[in-house]
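Okay, so here's the structure we're looking at.
We number each residue from 1, following the sequence as shown.
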Amino acid sequence: MAEAADFQGTSASPARRWLRRTGALLAGAPLLAGLLQLPAATPADAAGQESPQIASSAGSVSVAVDSLSPSAPSEGDTVTVSGTVTNNGKQTVTGAHVDLQVGPPLETRSAIDTLAKKSDDLQGPSSEKVGGKYTEKFTALTPGVAEPFSISVPADKLDLGDDGVYQLAVALSGKTSAQPWEQVLGIQRTFLPWQPEETGTRTKTTFLWPLISSAHMAAETGSNEQQTPVFRDDELAEEIAPGGRLDQMVSLGKGLDVTWVVDPDLLASVDAMTGSYQVRSADGSTTPGKNQEVAKHWLAELQQAVTGEEVAALPFGDPDLASLAHNGTNVTGSLNHLKEATDAADETVDTILHVKPSTDFVWPVDGAVDPSIVKVATSAGADKVITRSDSLQDNLSYTPSAARPIGGGTTAVVADSRMSTAFQGDLTKASASTLAVQRFLAQSLTLGLQTGKQRSVVVAPQRMPSVSQAQAMAEALAALQGGNWTESQDLTAAAKAKPDPAANTRVPPASAYPSSLRKQELPRAAFEQIARTQSKLDKFKVILTRQSRVVTPFGRAMNREMSTSWRGRGVAAVGYRDGIESYLNGLIDGVKLIQKSETKLSGRSAMIPVTVQNNLVQGVEHLKLRLTSKNPTRLKIGGDSYEEQPVTVNGGHAQSVKFTTSANANGQAEVVAQLYTEDGQRYGAPVTFDVRVTEVTPTVMLVIGGGVLLLVLAGFRMYTQRKRAAAREAAEDDTAEADDETDGPQSQPDAQQNPETSGARLEQETEAGSRADGPEQPSDPAPDTAAESADPSGAGERVDR
């Protein structure tokens, strides 16, 4: 029978195997009873025993199972187990050999967990050696040296019975000089799913394939028309380059029946790399990006991979719903950012991947939920929350379907925690990866064998798997989809599946939220800083002629500030937020008032210019410039204490605005210039300067008074002179009349009779005429306004009238 059993394709029936094992046990019972009556065997006696024992040096040899193929064998397959054995002790192991052992089936999912924790424990569950020629021998195992092994055995030689998960152990036995008897020195257990024939009720399995990265872009763009994007680093190029993490996610996911879960920010960032872009260096300088072809290739591969597959788009930037629910809901505007992130997701994915995504799913960190998280998730329009069974727990003997109605029209899609966490940890070693694959398959098969009812199961792995983790996921998923107990299903169908009436639909309270996750959340201060940045942006954008150049990049940057990827990276998160706010402050300061020195007013009234500088690329408008006098009794502006004028400045230019002022008294007056938006909000810092009135002074008034006095005196002199001349003329006329009466008609003209008197009158008339028609004399009236002072001006600015 033993010989016949060696032929491939023949196998004993389950009944015959049971009879054979029972007979062996009964035959060994008398021997066991006799051994119990004997004293303990000495090492010398034990050396002659044929069965291996567990020695005090157990575990001195490590056994690594690097591959198991096929992962889920069927009838007629040959199972090949390969790996290495390494002597970690100080003594050479002689007579070493590697054997395969098959244990009884594991009936429950918890039994699989228990065995996984003791996979290399020599005290673990016993198993039966396959024996025969299915072993590999080593002459000696030198300390510190790893030796490879590979054993192939027909599946029917493994003595497997009913469908189920069997423990498959690889054990190394040998001798040492200190303990020269055969003993098990190392063991590694793994899982062997066994269901050779198709089942009538296959489990419907949904596997989420996440394409998510951290934030690589901020709000900064170039000043050119194309707004060349500026990347904070070049790490995204490394991820999408051949062999990189995201490159592997796309190449491994292609051909698998999965639901692609995408962060639109990743797509937008890679799409920005397909054109001209800049990379910020550690010293603050920027250099041109050189990975355009890499970005184009990655997007082309992704577009091909998602063709015909379901794509679920998370809100833009993958916002941290738990942080927002616990620390951000009381901060004004936080929920608005979540709504904007959800709205941006649809357009971004559709534009870049040319597929219509599903946007009604949200995915809290590790699927952990409480009522506040569900409330925040649904406030953005999502009505399906991807949670996990270790958060929404069931007290059932089996695993129910994923879909659960949790009230308010919201569906919780509960991912299986055991299968979802199977690929966490360091899987860079082949042995760790193989164990993860076999454990995942074992959990899936055991779940399917729990009941005869068909169920829908969702697997939601970690958000950003490493390359080794992604490779293990792809290997397990390929084996699962090639198995006989599952069939693929997309996420939308899983959410619509008929819920199990016995499943838990009560969301756990806030007190049940894991403290380890709460410690990693974004603090309230983060959301307050985001709100402060948004407030500054709102005031800034109203003056811009092309708002989209600023509003869009800053809006997306604030979405990234709320990203789940900041968990565990608190210092980096603060630096990112500070950088966004600082860059916005710089743009706001690009529109400002030019500082003014002291201004001197050279008259009772003048025009004072105030200059507005616009260092932005685009023009600004909807601004008002207000000039206010702090001492309106001394200096008025526009006839009152202040005056406002509209301001429009083209990009890269300055504009001077002139205000009319009038001085009422000498001295110094403080003046404040301030920009305002049209809705009355202050914009930028004010500019304060002094105006000194230099010509409305006592000296000036004295000069003016002296001029007036001279005019009066000159007029009085003219008056007296004219009066004296008239008196003389009257006296002369009287004399002439008397002469006429004496002399009669023979009298001659005055000039002829009295040449001296006639000459004097002519001189007076000539003098008067010359004063009326000749050049201006010092006695003439003063002009209406005083001339500018010829004295040197002060140190300040001088304003002409």
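Between the side chains of Thr428 and Ser468, no donor-acceptor pair of N or O atoms lies under 3.5 Å. Side-chain atoms of His216 and Glu235 include no donor-acceptor pair closer than 3.5 Å. For Glu310 and Ser358, the side-chain atoms include no donor-acceptor pair closer than 3.5 Å. For the residue pair Trp485/Ser444, the side-chain donor-acceptor check at 3.5 Å is satisfied. Under the 3.5 Å distance criterion, with hydrogens and angles disregarded, a donor-acceptor pair is assigned to the side chains of Tyr398 and Asp500. Judged by distance alone, the side chains of Ser71 and Gln438 do bring a donor and an acceptor atom under 3.5 Å apart. Remark: the Gln450 side chain and the Arg455 side chain contain an N/O donor-acceptor pair separated by less than 3.5 Å. A side-chain donor from one of Glu239 and Ser213 sits under 3.5 Å from a side-chain acceptor of the other. Looking only at atom types and distance, the side chain of Arg388 has no donor-acceptor partner in the side chain of Thr421 under 3.5 Å away. Inspection of the Thr677 and Asp679 side chains reveals an N or O donor paired with an N or O acceptor under 3.5 Å.
Note: Asn330 CG to Phe527 CZ = 11.0 Å, rounded to the nearest 0.5 Å. Note: Leu267 CG to Asp350 CG = 11.5 Å, rounded to the nearest 0.5 Å. Atoms CG and CG, from Asn504 and Asn395 in turn, are 9.5 Å apart once rounded to the nearest 0.5 Å. One distance of note links CG of Leu445 with OG1 of Thr203; it measures 8.5 Å at 0.5 Å rounding. We find the OG1-CD distance between Thr228 and Gln278 to be 6.5 Å, quoted to the nearest 0.5 Å. The OG1 atom of Thr378 lies 9.0 Å from the CG atom of Asp383; values are rounded to the nearest 0.5 Å.
Contact of the Leu266 side chain with the Ile212 side chain is not registered, since no non-hydrogen atoms from C-beta on lie closer than 4.5 Å. Glu581 places a side-chain heavy atom less than 4.5 Å from the side chain of Lys536. Inter-residue side-chain proximity for Ser420 and Pro461 is flagged as unmet; no heavy-atom pair is nearer than 4.5 Å. In this structure, the side chains of Leu335 and Val376 come closer than 4.5 Å at one or more pairs of heavy atoms. Within the 4.5 Å cutoff, the side chain of Met217 has heavy atoms near those of the Pro229 side chain. For the pair Thr206/Val459, no side-chain contact is recorded, criterion being any heavy-atom separation below 4.5 Å from C-beta on. The shortest distance between side-chain heavy atoms of Phe554 and Val551 does not fall below 4.5 Å. Taking the side chain as every heavy atom from C-beta outward, Leu236 and Ile240 approach each other to under 4.5 Å.
With hydrogens and angles ignored, the 3.5 Å screen pairs a side-chain donor or acceptor of Thr451 with a backbone N or O of Lys453. Between the side chain of Asp370 and the main chain of Pro509, no donor-acceptor pair closer than 3.5 Å is present. Counting only distance, with no hydrogens or angles, the side chain of Asp366 and the backbone of Ala368 share no donor-acceptor pair below 3.5 Å. Judged by distance alone, with hydrogens and angles left aside, the side-chain atoms of Ser334 form a donor-acceptor pair with the main-chain N or O of Val331 at under 3.5 Å. Proximity of a side-chain donor or acceptor of Gln292 to a complementary backbone N or O of Gly275 within less than 3.5 Å is detected. Proximity of a side-chain donor or acceptor of Arg202 to a complementary backbone N or O of Gly448 within less than 3.5 Å is not detected. No donor-acceptor pair under 3.5 Å is formed between the side chain of Gln248 and the backbone N or O of Val467. Side chain of Arg245 to main chain of Ala470: no donor-acceptor pair is present (N/O by atom type, distance under 3.5 Å, no hydrogens or angles). Looking at Asn559, its side chain does come within 3.5 Å of a backbone N or O of His337 through a donor-acceptor pair. Of the possible donor and acceptor atoms, one in the side chain of Ser563 sits under 3.5 Å from a partner among the backbone N and O of Gly317.
Arg524 has a carboxylate O that lies under 4.0 Å from a charged side-chain N of Glu528, or vice versa, which qualifies the two as a salt bridge. In summary, Glu220 and Arg232 do not engage in a salt bridge, as defined by a charged side-chain N under 4.0 Å from a carboxylate O. Using a 4.0 Å cut-off between charged side-chain N and carboxylate O, Arg418 and Asp416 make no salt bridge. Salt bridge annotation for Arg439-Asp113: present, with a cationic side-chain nitrogen under 4.0 angstrom from a carboxylate oxygen. Of the charged side-chain nitrogens involved, at least one lies within less than 4.0 Å of a carboxylate oxygen, so that Arg546 and Glu225 count as a salt-bridged pair.
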Q: In sequence, state the C-alpha distance, the side-chain angles, and the governing distance for Asn336 and Glu340, and then conclude on side-chain hydrogen bond (donor to acceptor under 3.5 Å, both in side chains).
A: CA-CA 6 Å; Asn336 292 336; Glu340 293 169 358; over 6 Å; no
Q: In sequence, state the C-alpha distance, the side-chain angles, and the governing distance for Gln469 and Asp426, and then conclude on side-chain hydrogen bond (donor to acceptor under 3.5 Å, both in side chains).
A: CA-CA 8 Å; Gln469 291 170 345; Asp426 183 8; over 6 Å; no
**Q.** Evaluation steps, side-chain hydrogen bond (donor to acceptor under 3.5 Å, both in side chains), between Arg404 and Thr387
**A.** CA-CA 10 Å; Arg404 320 276 180 88; Thr387 179; over 6 Å; no
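Below 30°, between 30° and 60°, or above 60°: for Phe423 and Phe440 the angle between ring planes is between 30° and 60°, a tilted geometry. Classified by interplanar angle (parallel below 30°, tilted 30° to 60°, perpendicular above 60°), the ring pair Tyr576/Trp566 is tilted.
Within 6.0 Å of the NZ atom in Lys375, the count of heavy atoms belonging to other residues, nucleotides or ligands does not exceed 12. No more than 12 heavy atoms of other residues, nucleotides or ligands sit less than 6.0 Å from atom CZ of Arg506. Remark: Gln424 CD is packed, more than 12 non-hydrogen atoms of other residues, nucleotides or ligands lying under 6.0 Å away.
For residues 261-274, the set of pairs meeting the side chain to side chain donor-acceptor pair (under 3.5 Å) definition, not counting sequence neighbours, comprises Asp265-Ser269, Asp265-Arg560.
Results of the side chain to side chain contact (heavy atoms under 4.5 Å, CB included) test with Gln481 over Thr486, Thr205, Asp257 single out Asp257 as the only residue that passes.
The two residues Thr259 and Ala312 make their nearest non-hydrogen contact at CG2-CB, 4.4 Å. When every heavy atom of Ala442 is checked against every heavy atom of Thr446, the shortest pair comes out as O-OG1, 2.8 Å. Between Gly164 and Leu449, the shortest heavy-atom distance links the atoms CA-CD1, 3.7 Å. Across Pro264 and Thr348, no two heavy atoms sit closer than the pair O-CG2, 3.5 Å. Among all heavy-atom pairs drawn from Val270 and Trp298, the shortest one is CG1-CE3, 3.7 Å.
In terms of the salt bridge (charged side-chain N to carboxylate O under 4.0 Å, His left out) criterion, Arg518 has no residue partners (sequence neighbours excluded).
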